[in-house]
Engineer: 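One structure, pasted below without further comment.
These numbers come from the heavy atoms of this one structure, side chains and all, not from hydrogens, waters or symmetry mates. Residue numbers start from 1 in every chain, and the chains themselves are labelled A, B, ... in the order their sequence lines are given, proteins ahead of strands. This is a predicted model, so every value here is computed, not measured.
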Number of protein chains: 2
Amino acid sequence: MATPATSHPTAEAGAGPAAEKPSDSYVQSFARGLSVIRAFNAEHPAQTLTEIAQASGLTRAGARRILLTLVGLGYVQADGRLFRLTPKILDLGFAYLTSMPFWNLAEPIMETLSQQVHESCSISVLDGTEIVYVLRVPARKIMTINLSIGSRLPAYCSSMGRVLLAGLPEAELDRVLRASDLRARTRNTVTDIDALKQVIADIRARGWAENDQELEEGLVSLAAPIRNRAGQVLAAINISGQANRTSAAEMIQNFLPPLLAASEKISNLVGLRT
Amino acid sequence: MATPATSHPTAEAGAGPAAEKPSDSYVQSFARGLSVIRAFNAEHPAQTLTEIAQASGLTRAGARRILLTLVGLGYVQADGRLFRLTPKILDLGFAYLTSMPFWNLAEPIMETLSQQVHESCSISVLDGTEIVYVLRVPARKIMTINLSIGSRLPAYCSSMGRVLLAGLPEAELDRVLRASDLRARTRNTVTDIDALKQVIADIRARGWAENDQELEEGLVSLAAPIRNRAGQVLAAINISGQANRTSAAEMIQNFLPPLLAASEKISNLVGLRT
């Protein structure tokens, strides 16, 4: 795609007139199936029919029908009375991850960067008011927060989030900030919308973001954009560290040049594909 | 769960008599929705309605109905005539990953192991005749094959696959081997069923597997099981390397002790949860 893309789904999707929209019952059935999948998590890896019905807000009969469908398709397995997800579920996310234009290009560059600075390196994309981690190269040190592919963080108070917000048109930025739950997660967190817009304008101008303990006490990070050939921000790449080991000022001095070099290298490679 | 689990979905799932099974049309609709998601990949990250209909074997009308549903649920976005997946898709796989009993426990141990041996370290689980990567800590070196979470490899000719096969009851092992496409991927690949059973029996007896270029020329690896408290094999952990850097014999001498220590450490931690 050489032309600028919009992420807003509209009638221009070639989906035809409103009369052709899928019936509510169909949409609802599909949504319920997906909500059953999402009822499983670290606290509830295996659940009974009754527990799943409660977690997903379905009747027992409705949950049973969906579970049998998911078992039939191989996405859920039954161990006695307990149901659990199967690894086939990963095929769905894998379809997304391999769809990204920096798939297979970014990781070797991230690995080199991570070894250079001895800190973790991640790439994320924007989804509404949140960022979603799509690639990560961990450093050996134990982090205070454990983030892996699929993890989410609020955009307004994270370095990658602000880089991604800086890539939005003004009206869209305003909409996302107004939809965000702007809470002071530490005593440093900027929560005022006008102050945030100024911070984001500065990031847009200089091309990178720092985060000095606005997300969590002790957590510092630097982020830069990954762009396509048209210059649009597709994703953000960051290095995160701990303030008691590396101050924000030290991070900027030592880690910013290799981070910017990595983000440019990935953007150039993406440019060959987009 | 303290009792041994079976992965075969049967009537014991508490799902009621056959009369309560979901209608074929419902199952088919759900399956089609998921097949549309899986129509996206590295070669086809953005597709038109016509392309998606072709890739998923649906009519244009059917594909349109499902795409509108997926757009409505936020899993697909429309850019002009093109559709693409959104990062929300990752929530589904994330539900699975965080459901694993070694979630958050294994990664720090894998990172330490990877830094110790300067090679990549991965964890995978069995899905039918294939293994699926669920965790991975890459080393900086460029691998000949690029594997990330969700990647699949055949079980019969990979070190982790054979460790996972060694954890199956005999009848199930036989069934999986007979369902496998036993091809000679290199001149070293064992493809005879009886010979494979002997290799797998040896792995069961000694508790680890080596793979000396049976999957791909130049690729060597070692794998060991991760078990729950009842001793069942839940997953396999491996170290992979390149034959021109480290021979299989050197891997066994230098990498096997830290690999076995890591697999035991993870199994012990899992035992506290299962």
Engineer: Are the side chains of A:Thr86 and B:Tyr96 in touch, meaning some heavy atoms are under 4.5 Å apart?
Structural biologist: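 Not in contact.
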Engineer: Just give me the residue among B:Thr48, B:Leu92, B:Val132, B:Ile37 that pairs up with chain A most often, heavy atom to heavy atom, under 4.5 Å.
Structural biologist: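 With the most close heavy-atom pairs to chain A, the winner is B:Leu92.
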Engineer: Count the heavy-atom pairs under 4.5 Å between each of A:Val137, A:Val134, A:Val125, A:Leu34 and chain B, then report the option with the highest count.
Structural biologist: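 Of the candidates given, the most pairs with chain B belong to A:Leu34.
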Engineer: Examine whether an atom of A:Leu67 lies under 4.5 Å from a heavy atom of chain B, and if so say whether it belongs to the side chain, the backbone or both; otherwise answer neither.
Structural biologist: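 Neither part, no heavy atoms under 4.5 Å.
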Engineer: Which bit of A:Leu135 comes within less than 4.5 Å of chain B, counting heavy atoms only: side chain, backbone, both or neither?
Structural biologist: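 Neither part.
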Engineer: Can you find a pair of side-chain heavy atoms, one from A:Asn41 and one from B:Phe94, that are under 4.5 Å apart?
Structural biologist: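 No, side chains not in contact.
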Engineer: Any carboxylate oxygen within less than 4.0 angstrom of a Lys/Arg side-chain nitrogen, looking at A:Glu130 and B:Lys88?
Structural biologist: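 Salt bridge: no.
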Engineer: Indicate the atoms forming the closest heavy-atom contact of A:Ser99 with B:Pro45, along with that distance.
Structural biologist: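 It is O-CB, 3.0 Å.
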Engineer: What residues form a salt bridge (Lys or Arg N to Asp or Glu O under 4.0 Å) with A:Asp91, not counting sequence neighbours?
Structural biologist: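 Testing A:Asp91 for salt bridge (Lys or Arg N to Asp or Glu O under 4.0 Å), a comparison that skips the adjacent residues, returns B:Arg38, B:Arg152.
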Engineer: Tell me, please, which residues at least two apart from A:Phe40 pass ring-ring contact (aromatic ring centres under 6.0 Å, His included).
Structural biologist: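 With neighbours one apart ignored, the set is empty.
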Engineer: Between B:Gly74, B:Ser114, B:Ala95, B:Pro87, which has the largest tally of heavy atom pairs under 4.5 Å with chain A?
Structural biologist: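 Highest number of pairs under 4.5 Å: B:Pro87.
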Engineer: Looking at side-chain heavy atoms only, is the closest gap between B:Leu97 and A:Leu90 below 4.5 Å?
Structural biologist: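 When only atoms from C-beta onward are counted, A:Leu90 and B:Leu97 do touch, with a gap below 4.5 Å.
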Engineer: Return the CD to CG distance between B:Gln77 and A:Asp127, rounded to the nearest 0.5 Å.
Structural biologist: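 Rounded to the nearest 0.5 Å, the CD-CG separation comes out at 9.0 Å.
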Engineer: In terms of heavy-atom pairs under 4.5 Å, which option from A:Gly93, A:Ala39, A:Gly150 contacts chain B the most?
Structural biologist: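 Ranked by heavy-atom pairs under 4.5 Å with chain B, first place is A:Gly150.
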